Amino acid sequence: MMSSPRVSKALIPAAGRGTRFLPFTKAVPKELAPVVTRPALELVVDEAARVGVTDVLFVISDGKAAIGEYFRPNVDLEAALEAKGDTDGLAAIRHAEGLATYHYAEQKEPRGLGDAVGHGAEFAAGEPIAVLLPDDLIDERDALLGPMLDVHAEHGGIVLGLLDVGPKEISKYGCVVPAEGADPGADVVGIADLVEKPKADEAPSTLAIIGRYVLPPEIFAALRDTSPGAGNEIQLTDAMRALCRAGTPTHGVVFAGRRYDTGDRLEYVKAVVRLAARHPVIGEDFRAWLGEYDPGADG
Ligand code: UTP
């Protein structure tokens with residue numbers, strides 16, 4: 001039995017300072033950092049559009065106007081490419097424009113992910129929404145958001161994207177407490193509670209919350225009731241925990257596919273290498289070069 005309507009709206013927070021990528025983020029939003037040629041943000045919008053999202057709200061801040069420029073048609077550039085007969089160029093720039101209807105909200109201060117999501121209340125207009133963090137790239141060959149929307153259609157409430165990161169890594173993440181009797185090895189896990197960055201030896205599981213969420217409209221009142229924590233930031237986990245404890249059905253979909261954390265410098269470079277290696281135009285040559293590349297002999 002389907003208990004909830006299919007989610008068609010997604011919120012993408014992109015108002016953070018991107019301090020780990022200074023100095024380039026002084027002038028360019030980190031969400032537009034290219035993974036080969038396409039910005040990470042476009043790959044994430046693509047992922048949402050593939051599973052039926054039609055409307056995307058970008059939460060941006062001052063200095064992130066380039067995000068709006070990227071997703072809106074550029075009439076002059078299109079005319080120039082058309083005049084040259086550059087159909088590949090035209091298709092490349094039109095792809096992002098046509099993925100969804102775009103909406104914008106401004107977060108004046110980076111007061112945390114919870115505060116950024118709180119800017120989506122009007123956009124959600126009483127409906128559940130998906131939230132996708134543009135730092136987390138899910139390989140297009142692997143499914144996560146689609147199965148999460150299926151679980152939401154069946155159970156409603158909160159649905160989280162989870163990754164088994166093992167005991168060494170769990171203290172860096174929000175962690176879930178599996179419901180009593182839940183099989184932690186299953187693809188879909190019932191969740192009893194949430195713990196932010198637990199110590200390795202106290203972690204209730206090794207299942208970490210990654211940057212994909214489906215949230216019910218009640219999240220906005222819960223966020224308004226959430227007091228700021230460390231760094232005066234409003235934590236999304238705190239608001240989700242309050243709902244979960246008050247009885248909102250909460251489930252997680254455990255992801256077993258390929259994920260790239262483009263918010264981390266080393267992981268970003270690895271993501272570029274992995275995606276370049278299977279790029280339709282440069283992939284073959286890049287793989288050949290990589291096979292011969294000896295970093296020890298370079299300079
Ligand atoms: P991060 O904490 O990874 O991004 O937030 P950041 O703060 O920009 O990066 P660093 O740590 O300084 O390098 C994850 C996502 O949430 C957004 C960010 O833009 C990023 O896409 N975010 C974060 C907001 O929109 N508002 C905030 O207040 C905080």
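Just so you know, these numbers use all the heavy atoms, side chains as well, and skip hydrogens, waters and symmetry mates. The model shown is predicted, which means the values in this text are computed figures rather than measured ones.
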Next item on the list: Show your working on side chain to side chain contact (heavy atoms under 4.5 Å, CB included) between E127 and S8 and close with a plain yes or no.
Entry: CA-CA 9 Å; E127 292 174 29; S8 64; 4.2 Å; yes
Checking I129, V159, V151 against V214 for side-chain contact (heavy atoms from CB on, under 4.5 Å), the one that qualifies is V159
Non-hydrogen side-chain atoms of I282 and V36 separated by less than 4.5 Å:
yes
**Prompt:** Could you walk me through whether E169 and K172 pass the salt bridge (charged side-chain N to carboxylate O under 4.0 Å, His left out) check?
**Reply:** CA-CA 6 Å; E169 293 285 306; K172 295 187 200 158; 2.8 Å; yes
When rounded to the nearest 0.5 Å, the distance separating SG of C175 from CD of E202 is 11.5 Å
Of all heavy-atom pairs linking A130 and L145, the shortest is CB-CD1, 4.4 Å
Residue set satisfying ring-ring contact (aromatic ring centres under 6.0 Å, His included) with F255, at least two apart, ordered chain then number -> none
Between F21 and F24, how do the two ring planes meet: parallel, tilted or perpendicular, split at 30° and 60°?
-> perpendicular
- Is K30 salt-bridged to D135, cutoff N-O under 4.0 Å? yes
- Check: L207 main-chain N/O paired with D164 side-chain donor or acceptor under 3.5 Å: no
Residues at least two apart in sequence or cross-chain that pass ring-ring contact (aromatic ring centres under 6.0 Å, His included) with Y260, listed by chain then number, are none
Residues V165 and Y173: closest non-hydrogen pair is CG1-CE1, 4.0 Å
message: Is the shortest side-chain heavy-atom distance between M148 and V51 below 4.5 Å?
response: no
ask   = Is L223 close to V117 at the side-chain level, that is, under 4.5 Å between some pair of heavy atoms?
value = yes
**Q.** N/O donor-acceptor pair under 3.5 Å between S205 side chain and P178 backbone
**A.** no
Heavy-atom donor-acceptor pair, R212 side chain to L133 backbone, under 3.5 Å: yes
Answer yes or no: is there a side-chain heavy-atom contact under 4.5 Å between P228 and R111?
yes
Output for pair (L137 CG, L43 CG), nearest 0.5 Å, gives 5.5 Å
* Give a yes or no on whether a salt bridge exists between K270 and E267, defined as a side-chain N under 4.0 angstrom from a carboxylate O. => yes
Distance col, row L57:CG vs I60:CD1, nearest 0.5 angstrom, shows 9.5 Å
Pair D139 + R259, salt bridge at N-O below 4.0 Å = no
Are T87 and L81 close enough, and set up right, to give a side chain to side chain contact (heavy atoms under 4.5 Å, CB included), and what steps lead you there?
CA-CA 7 Å; T87 46; L81 293 172; over 6 Å; no
ask   = Is it true that K199 and D201 make a salt bridge, defined as a side-chain N closer than 4.0 Å to a carboxylate O?
value = no
Is there side-chain contact between P13 and L11, with heavy atoms separated by less than 4.5 Å? yes
inquiry  = side chain to side chain contact (heavy atoms under 4.5 Å, CB included) for I219 and Y213? Distances and angles first, verdict last.
reply    = CA-CA 11 Å; I219 193 69; Y213 313 77; over 6 Å; no
(request) Verify the neighbour count for atom CZ of R17: are there more than 12 heavy atoms of other residues, nucleotides or ligands below 6.0 Å? (result) no
Is the shortest heavy-atom distance from the side chain of V272 to the side chain of V269 under 4.5 Å?
-> no
Fill in: Side chains of H152 and H251 in contact at under 4.5 Å (non-hydrogen atoms)
no
Across all chains, not counting sequence neighbours, the ring-ring contact (aromatic ring centres under 6.0 Å, His included) partners of F58 are F71, Y102, Y104
Distance col, row L41:CG vs I67:CD1, nearest 0.5 angstrom, shows 5.5 Å
*asked:* With side-chain hydrogen bond (donor to acceptor under 3.5 Å, both in side chains) as the criterion, how do D238 and T226 come out once you've worked through the C-alpha distance, each side chain's angles and the decisive distance to 0.1 Å?
replied: CA-CA 7 Å; D238 289 347; T226 302; over 6 Å; no
Requested in this report: Decide, yes or no, whether a salt bridge links E47 with R50 under the criterion of side-chain N to carboxylate O below 4.0 Å.
Outcome: no
**Study point:** Salt bridge present between R6 and D150 (N-O < 4.0 angstrom)
**Key:** yes
Using atom types as modelled and distance alone, determine if a side-chain donor or acceptor of D136 lies under 3.5 Å from a backbone N or O of G211.
yes
Report task. Before giving the answer on salt bridge (charged side-chain N to carboxylate O under 4.0 Å, His left out), spell out for R245 and D193 the whole-Å C-alpha distance, their side-chain angles and the decisive distance to 0.1 Å. Result -> CA-CA 7 Å; R245 287 187 178 172; D193 203 357; 2.9 Å; yes
Salt-bridged, R241 to E196, with N to O below 4.0 Å? no
- Between E106 and K64, does at least one N-O distance fall below 4.0 Å, as a salt bridge requires? no
Heavy-atom nearest pair, S171 first then A200, reads CB-N, 4.3 Å
Can you see whether D115 engages Q107 through a side-chain donor-acceptor pair at a distance of less than 3.5 angstrom? yes
Practice item. Test side chain to side chain contact (heavy atoms under 4.5 Å, CB included) on L290 and V273 and set out the steps. Key: CA-CA 9 Å; L290 201 58; V273 170; 3.9 Å; yes
* Taking the side chain as C-beta and beyond, is there a heavy-atom pair between L162 and I210 under 4.5 Å? -> no
Check your understanding: What do you reckon, is CZ of R141 surrounded by more than 12 foreign heavy atoms closer than 6.0 Å?
Key -> yes
Between F123 and K9, is there a cation-pi geometry (under 6.0 Å to ring centre, at most 45° from the normal)?
-> yes
* Side chain T250, main chain T248, donor-acceptor under 3.5 Å -> yes
